[in-house]
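Heads up: the structure comes next, in structure tokens.
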Protein chains: 2
Amino acid sequence: MNIGQASKASGVSAKMIRYYEQTGLIPKADRKDSGYRDYSPSDVHMLRFIRRARDLGFSVAEINDLLSLWRDKARQSADVKRIAQAHIAQLQERIENLNQMAATLGTLVDCCAGDDRPDCPILADLEEPGAAPASVPAATGRLRHRP
Amino acid sequence: MNIGQASKASGVSAKMIRYYEQTGLIPKADRKDSGYRDYSPSDVHMLRFIRRARDLGFSVAEINDLLSLWRDKARQSADVKRIAQAHIAQLQERIENLNQMAATLGTLVDCCAGDDRPDCPILADLEEPGAAPASVPAATGRLRHRP
DNA sequence: GATGCAGGTTCCAATGATGGGAAGGTCAAG
DNA sequence: CTTGACCTTCCCATCATTGGAACCTGCATC
């Protein structure tokens with residue numbers, strides 16, 4: 001099975017399949033005489049596992065751990081659960097940050113006339129947090145890189 | 001005022017101040033004879049504006065628009081409001097994605113014994129979405145880059 | 001004056017996950 | 001045999017941010 005087929009069957013782009021191989025997340029694929037990568041159904045299975053984990057927001061590093069456990073028939077489910085719980089905690093932290101941002105902005109938007117006049121509580125708050133009429137505590141935890 | 005002072009006063013790292021200047025988000029700073037950048041209180045004011053907007057999750061591109069409006073004394077508050085509303089919509093999209101992920105994972109975690117046995121509904125679901133006992137519809141919208 | 005340290009300057013590189021594209025080889029159908 | 005779809009590798013860009021190297025300046029202390 002060529003990489004394109006594996007890509008379609010797994011939902012992982014060919015680019016990413018090569019990237020995962022290069023970074024060691026997945027083992028090097030077999031090659032045909034032509035030099036083309038050759039994938040088995042079980043490779044596709046693994047790719048779908050990865051795709052699904054990405055869909056659930058796991059980082060590649062976390063997926064690495066999950067894959068190890070997946071392959072380890074003597075794993076302890078507690079180890080998997082721990083990773084998942086840690087990830088949920090991360091998700092919730094991000095969610096809280098985003099909620100805080102949205103709430104603050106929402107309050108400001110509600111106070112903004114949104115007409116042709118220049119007065120704007122949104123800009124006023126950006127200028128001087130809390131100075132605007134209906135401001136709300138600032139988001140404290142910075143959320144770098146796709147907050 | 002040196003860049004270090006401006007950094008402390010604004011909460012924007014010196015690195016980022018130079019980066020913002022380089023990319024044209026902020027105008028080129030004045031220079032002293034020594035070649036050191038020289039910041040006025042109004043520069044710091046602008047940096048704090050940027051910092052606050054970043055804290056609210058605005059991208060640099062959006063901040064560029066906000067800064068233009070901020071400087072434009074004849075702006076229309078509707079323009080600001082539109083940017084803010086679009087941003088809120090983005091935030092909410094991300095929040096929904098994250099909530100979906102957390103919910104799915106939460107369900108799986110609840111089904112996982114978390115003991116020393118290998119059976120694990122979390123891995124089972126990653127392997128075959130929906131096959132595990134208490135699974136939940138998969139997150140559909142991919143959330144690339146810090147979802 | 002000399003020395004040292006804090007802090008400034010520029011430039012280059014890396015992050016994480018992904019997409020884009022160029023230059024060239026392979027395969028199947030026509 | 002040609003055509004077009006697909007594969008290969010390699011490099012570059014994204015976005016915001018950090019880190020470090022190599023070098024220069026400002027100020028205080030000996």
Side-chain angles (χ1 to χ4, degrees), chain A residues 1-26 28-39 43 47 50-65 87 90 94 97 101 139 141-147, chain B residues 1-26 28-39 43 47 50-67 87 90 94 97 101 139 141-147:
Chain A
M1 195 184 222
N2 281 346
I3 200 172
Q5 262 115 26
S7 170
K8 264 174 210 153
S10 66
V12 180
S13 74
K15 282 270 187 195
M16 290 313 296
I17 296 176
R18 296 194 194 99
Y19 171 76
Y20 290 150
E21 176 179 322
Q22 195 193 317
T23 57
L25 179 67
I26 60 179
K28 294 196 177 179
D30 288 345
R31 298 290 183 134
K32 297 189 226 178
D33 290 349
S34 62
Y36 284 17
R37 286 175 181 78
D38 194 13
Y39 295 94
D43 290 331
L47 288 170
I50 292 170
R51 172 63 209 258
R52 171 72 170 153
R54 292 290 301 134
D55 282 349
L56 288 174
F58 287 97
S59 69
V60 168
E62 287 169 320
I63 294 175
N64 210 350
D65 296 342
H87 183 55
Q90 279 182 57
R94 288 194 213 159
N97 264 297
M101 291 181 197
R142 293 293 291 109
L143 212 44
R144 303 282 166 197
H145 266 184
R146 235 52 42 62
Chain B
M1 195 184 225
N2 281 347
I3 199 172
Q5 262 116 28
S7 169
K8 264 174 211 154
S10 66
V12 180
S13 75
K15 283 269 187 195
M16 290 312 297
I17 296 176
R18 295 193 195 97
Y19 170 78
Y20 290 150
E21 175 179 323
Q22 194 193 318
T23 56
L25 179 66
I26 59 179
K28 293 196 177 179
D30 287 345
R31 298 291 183 133
K32 297 188 225 178
D33 291 349
S34 62
Y36 284 16
R37 287 176 181 77
D38 194 12
Y39 294 95
D43 290 329
L47 288 170
I50 293 170
R51 172 66 210 259
R52 171 73 171 152
R54 292 290 300 133
D55 282 350
L56 289 174
F58 287 98
S59 69
V60 168
E62 288 170 319
I63 294 176
N64 208 350
D65 296 342
L66 290 173
L67 276 175
H87 184 56
Q90 281 183 61
R94 288 194 213 160
N97 265 297
M101 291 181 197
R142 294 294 290 106
L143 212 42
R144 304 283 164 196
H145 268 183
R146 237 46 43 65

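All chains are named by letter (A, B, ...) in the order of the sequence lines, taking the proteins before the strands, and each is independently numbered beginning at 1. From a predicted model like this one, the values you see are computed outputs, not experimental measurements.
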Length of the line joining [X]:[atom1] and [N]:[atom2], which is rounded to integer Å:
X: A/Lys32; N: C/dG25; atom1: NZ; atom2: P; result: 19 Å
X: A/Leu56; N: C/dA17; atom1: CG; atom2: P; result: 15 Å
X: A/Arg94; N: C/dG16; atom1: CZ; atom2: P; result: 14 Å
X: A/Ile50; N: C/dA17; atom1: CD1; atom2: P; result: 12 Å
X: A/Ile26; N: C/dA17; atom1: CD1; atom2: C1'; result: 14 Å
X: A/Tyr20; N: C/dA17; atom1: OH; atom2: P; result: 8 Å
X: A/Asn64; N: C/dG16; atom1: CG; atom2: P; result: 12 Å
X: B/Ile17; N: D/dT18; atom1: CD1; atom2: P; result: 11 Å

Take A/Gln90 and A/Glu62 through the test side-chain contact (heavy atoms from CB on, under 4.5 Å) and record every step on the way to the result.
-> CA-CA 12 Å; A/Gln90 279 182 57; A/Glu62 287 169 320; 3.0 Å; yes
Check the phosphate of [N] against [X], side-chain N and O only, distance under 4.0 Å to OP1 or OP2. Yes or no?
X: A/Ser59; N: C/dG16; result: no
X: B/Ser34; N: D/dC24; result: no
X: B/Ser13; N: D/dT18; result: yes

Residue list, side chain to side chain contact (heavy atoms under 4.5 Å, CB included) with B/Gln5, at least two apart or on another chain =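 If we apply the side chain to side chain contact (heavy atoms under 4.5 Å, CB included) test to B/Gln5, skipping adjacent residues, the hits are B/Met1, B/Asn2.
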Could I get the full list of side chain to side chain contact (heavy atoms under 4.5 Å, CB included) partners for A/Asp30, not counting sequence neighbours?
->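 A/Asp30 satisfies side chain to side chain contact (heavy atoms under 4.5 Å, CB included) with A/Asp38 once adjacent residues are dropped.
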Heavy atoms under 4.0 Å is the rule here; annotate nucleotides 2-12 of chain C 5' to 3' with B where the base is hit, S where only the sugar-phosphate is, and - elsewhere.
-> -----BSBBB-
Using the side-chain contact (heavy atoms from CB on, under 4.5 Å) rule, take A/Tyr20 and A/Val60 through it: C-alpha gap first, then chi angles, then the decisive distance, then the call.
-> CA-CA 9 Å; A/Tyr20 290 150; A/Val60 168; 4.0 Å; yes
Is the shortest heavy-atom distance from the side chain of A/Arg37 to the side chain of A/Glu21 under 4.5 Å?
->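 SC-SC contact between A/Arg37 and A/Glu21 confirmed.
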Relative to the 5' end of DNA chain D, which residue comes earlier, A/Glu21 or B/Asp33, by the nucleotide with the nearest heavy atom?
->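 On the 5' side of the pair lies A/Glu21.
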Quick check: are there more than 12 heavy atoms from other residues, nucleotides or ligands sitting under 6.0 Å from NZ of A/Lys32?
->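 Yes - once you tally the heavy atoms of other residues, nucleotides and ligands closer than 6.0 Å, there are more than 12.
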Show the numbers, then the answer: is there a side-chain contact (heavy atoms from CB on, under 4.5 Å) between B/Ile3 and B/Tyr39?
-> CA-CA 7 Å; B/Ile3 199 172; B/Tyr39 294 95; 3.7 Å; yes
